[in-house]
Amino acid sequence: MPGMNILVELRLRFHQTLQGLVDDPTDLLDLVVPAQDPRFGDYQANVAMPLAKRLGRPPREVADQIVRNLQVADLCGPPEVAGPGFINLRLRDDWLAEQLQQVSTDQRLGIPAVDDPKTFVLDYSSPNVAKPMHVGHIRSTVIGDSLCRILRFLGHRVISDNHLGDWGTQFGMILYGYKHFRDQQQFAQAPVQELSRLYKLVSQLVEYHQIRRSLPELQEQLAQRIEILDQQQALGPSADAAEQKRAAKRLRGLKNQVVEMRDKVAAAEKKLAAVEESTELNRLAEQHPNIGSAVLEETARLHAGDPENIRLWHAFLPVCREEIQKIYDRLDVRFDYEYGESFYQDRLAEVVDRFRQGGLARISDGAVCVFLDGFQAPMIIQKSDGAYLYATTDLATIDFRMQTFHPDAILYVVDHRQADHFQKLFAAARLVGYDRVDLQHISFGTVLGDDGKPYKTRAGDTVGLEGLLDEAVRRAHAVVAANDDAKPTSPELDDDQRRHIADVVGHAAIKYADLCQNRTSDYKFDYDKMVALEGNTATYMQYSYARTQSIFSKGQIDAEQLRAVDSPLCLQHPTERALGLQVLRLSEAIAEAVLDYRPNILTGYLFDTAKRFSEFYQQCQVLKAESDSLRTSRLRLCDLAGRAIRLGLELLGIQVVEKM
RNA sequence: GCGCCCGUAGCUCAACUGGAUAGAGCAUCGGUCUUCGGAACCGAGGGUUAGGGGUUCGAAUCCCUUCGGGCGUACCA
């Protein structure tokens, strides 16, 4: 067997040993982990302490007993017991060298596929087709794509399905816009831009009228709050300390509310002004006072099968889709299926029927509701006007996926704000019998701007994804050009090469910045940091890879031939050993990343690998090594390091270049 | 009001799900070097992990509580 997961192997050995001490040692095996500190060796087992408690014996004694029975001599030096009962393991250099040799001819770098392949449906990206994609879509797309690549690499069957929003109110908007505001010539020449303009125009007008209706009430509420606040402030301090504290808290809460509402009112007024200051917009707003309900009617007509709206929908969809495809092409993202919301339209009634017939739903306030244990609000699957909701579509989607793909798991890569929705959805799905499929919401945080608020332009609009990518590429180009110009001898890249490199580096920077963050946390969007050449960035990994490649071109060495060399590697220098071990641990990194669907584990691994390589390269001469055999060994190590980095990046959906 | 998430170095973030002295990258300061790619490497300073209490051999991590933030909260997605 070429290669293995070292951690898995060690756990296997511990499993055998621990069976003599306890009935089921499975849960203890998680306590065999990579060492926290190089001083403790390569791996450590923390099993003795909890076990000692269970057995009622001193932990060091238990540790000693484990060490005596442990069969690891073929891969480790003698285990050591330290501290309260930690068992420290250090892999044998000759074993590592042997492993590396085996791995070097293996396409997969010794990473085994899983024994029990499963079927996953991955639901990610899922933009609304009538709206331009914006920064908020990038995380779902990039994280989903990476998980897809990783799971496939591990041998799972993965079905990626882009659940497009192609049936909602946004289509009502462009239908209305097309019918009332279109510029026919523009539409003929550049339909994408024209539809996008219409969408923005209609949504602005709809919002305008909404605000005009709601603003007085909002202002009134604000006035009331201020009044209450004044009253509270006028009250003298209470004699009771506890009461005084509560009053202070109430006061703070009120003040926050007032500030919040003031901001709301100000934002609303600004939006009104934007329309009113433009004679053109003002005129349109006056001519279309009922645009809000009219848009809903267009949507309803579409859903009811109105021939004209259906015809337009069929005409618009490919146009919108094409716009989105440009982004996917740039990001190198593909899907197996794109069953959008529209696909499920004629399956919604039966979903509701099933719930009603099963006695799982009942009518409340005219709407069909599913009341679920542990939730205050029900999940509404049909509105009082008869319309269906996204909850209905999502349930129909689960039906379809279960019947079509028979998945073991369905993963939804969607931002954290929809956590509630998914909890209800999953609970409802279990109610109708889908209790064996693993339904998971892979949630992620918000992309923030410099100010710590959701990333917007200065004008307050969301940032279009295409412009974002352009900017990253532009900056990457500037950096690549500057660096090439500064090379000690002379620049070595022509314009085409520079453009290609900037393209790869720029897109990689965006993806990596997203993936290297723990997905559950929000993160600040910062071009400078993304395209930075140092630190944990795609650029640094790509640079490290390019360095490994440049050694081969400089030495005019054929890597293929090198891989076939039939002798173990030399790991005498500490940096050689550290790099070699690091290469062998890609398998662990992938396994851990997939455990909780966290690509940032993989980026962390790559960063470590790049650092190990730098250290090695700094301290060990490769082409000028003392002997031929050492030179060959080090070249092989460079090859392995480069391949580990390239493979890791590939699993993140990031490409490499040979020179940069 | 209720529910969920979060608070870690000046800044941006990790921390293998309870392990040993909490780590990186920026930034700051110092060093290496007649560059196999210096887009590098080595080192230093910087912390009461928001505060308090608890659980246990052991807590950033689990429980309670206070403070501060974000998000969601019956017919949008």
Dump the pairs, protein N or O against N or O of nucleotides 42-45 of chain B, anything under 3.5 Å, distances to one decimal.
from	atom 1	to	atom 2	distance (Å)
B:C42	OP1	A:E615	OE2	3.4

By side chain to side chain contact (heavy atoms under 4.5 Å, CB included), A:A546 pairs with (sequence neighbours left out) A:M660
As its Watson-Crick or G-U partner within any shown strand, both distances under 3.5 Å, B:C26 has B:G10
So is the aromatic ring of A:Y543 stacked onto the base of B:G37, judging by whether the centres are under 5.5 Å apart and the planes are under 30° apart?
no
Between B:G19, B:A40, B:U56, which one does the side chain of A:P84 approach most closely?
B:G19
Which is true for A:P50 with a 4.0 Å heavy-atom rule: it touches a base, it touches only sugar-phosphate, or it touches nothing?
base
Show every salt bridge (charged side-chain N to carboxylate O under 4.0 Å, His left out) that has at least one partner inside residues 416-428 of chain A, sequence neighbours left out.
A:D415-A:R417
Which donor-acceptor pairs under 3.5 Å do the side chains of residues 366-387 of chain A make with protein atoms, sequence neighbours left out?
from	atom 1	to	atom 2	distance (Å)
A:Q382	NE2	A:G386	O	2.9
A:D385	OD1	A:A387	N	2.9

Hey, does the side chain of A:Y523 come within less than 4.0 Å of B:U12's phosphate (OP1/OP2), counting only N and O?
no
Using atom CG of A:L637 as one end and atom C1' of B:C36 as the other, report the distance to the nearest whole Å.
15 Å
Determine the sole option in A:Y124, A:Y344, A:Y412 for which the ring-ring contact (aromatic ring centres under 6.0 Å, His included) test with A:H163 is passed.
A:Y344
Does the side chain of A:N518 pick up a donor-acceptor pair with the side chain of A:Y523 at under 3.5 Å?
no
With heavy atoms under 4.0 Å as the rule, sort A:A52 into base, sugar-phosphate or nothing.
nothing
P gap between B:A40 and B:C26, integer Å:
8 Å
Over all strands shown, is A:S550 touching base, sugar-phosphate only, or nothing at heavy-atom distances under 4.0 angstrom?
base
Heavy atoms only, 4.0 Å cut-off, all strands: where does A:C620 land among base, sugar-phosphate and nothing?
base
Can you check the A:M541 CE to B:A40 P distance for me, whole Å?
12 Å
For B:G18, give its Watson-Crick or G-U wobble partner with both distances under 3.5 Å, or none.
none
Output one letter per nucleotide in nucleotides 71-77 of chain B: B when a protein non-hydrogen atom lies under 4.0 Å from the base, S when only the sugar-phosphate is that close, - when neither is.
SSSBBSB
Among residues at least two apart in sequence or on other chains, which ones pass side chain to side chain contact (heavy atoms under 4.5 Å, CB included) with A:K131?
A:N128, A:Q170, A:Y199
List for me each residue that meets side chain to side chain contact (heavy atoms under 4.5 Å, CB included) alongside A:E61, sequence neighbours excluded, and say none if there are none.
A:R57, A:P58
Using the side-chain heavy atoms of A:N46, tell me which of these nucleotides is nearest: B:G37, B:G19, B:C36.
B:G19
If you look at every strand shown and take non-hydrogen atoms under 4.0 Å, does A:D415 touch a base, only sugar-phosphate, or nothing?
nothing
A:S614 side chain near B:A40 phosphate (N/O to OP1/OP2, under 4.0 Å):
no
Salt bridge (charged side-chain N to carboxylate O under 4.0 Å, His left out) pairs touching residues 27-49 of chain A, sequence neighbours excluded, are A:D27-A:R54, A:D37-A:R39, A:D42-A:R577
Counterpart base for B:C62, defined by Watson-Crick or G-U wobble contacts under 3.5 Å
B:G54
Under 3.5 Å, which protein N or O atoms sit close to an N or O of nucleotides 14-17 of chain B? Give each pair with its distance.
from	atom 1	to	atom 2	distance (Å)
B:A14	OP1	A:N518	N	3.1
B:A14	OP1	A:S521	OG	2.5
B:A15	OP1	A:R598	NH2	2.8
B:A15	OP2	A:N518	ND2	3.4
B:C16	O4'	A:E592	OE2	3.1
B:C16	N4	A:Q36	NE2	3.4
B:U17	O4	A:D596	OD2	2.4

With sequence neighbours excluded, tell me which residues meet side chain to side chain contact (heavy atoms under 4.5 Å, CB included) with A:R213.
A:H209, A:Q210
Give every pair of a protein N or O atom and an N or O atom of nucleotides 21-30 of chain B that lie under 3.5 Å apart, one pair per line with the distance.
from	atom 1	to	atom 2	distance (Å)
B:U21	O4	A:R39	NH1	3.3
B:U21	O4	A:R39	NH2	3.3

Is there a Watson-Crick or G-U wobble partner for B:G3 with both distances under 3.5 Å, and which nucleotide is it?
B:C71
Measuring to OP1 and OP2 of B:C13, would you say a side-chain N or O of A:K524 lies under 4.0 angstrom away?
no
Could you tell me whether A:A82 contacts a base, only the sugar-phosphate backbone, or nothing, with contacts defined as non-hydrogen atoms closer than 4.0 Å?
base
Identify, with sequence neighbours excluded, every residue that meets salt bridge (Lys or Arg N to Asp or Glu O under 4.0 Å) alongside A:D485.
A:R498
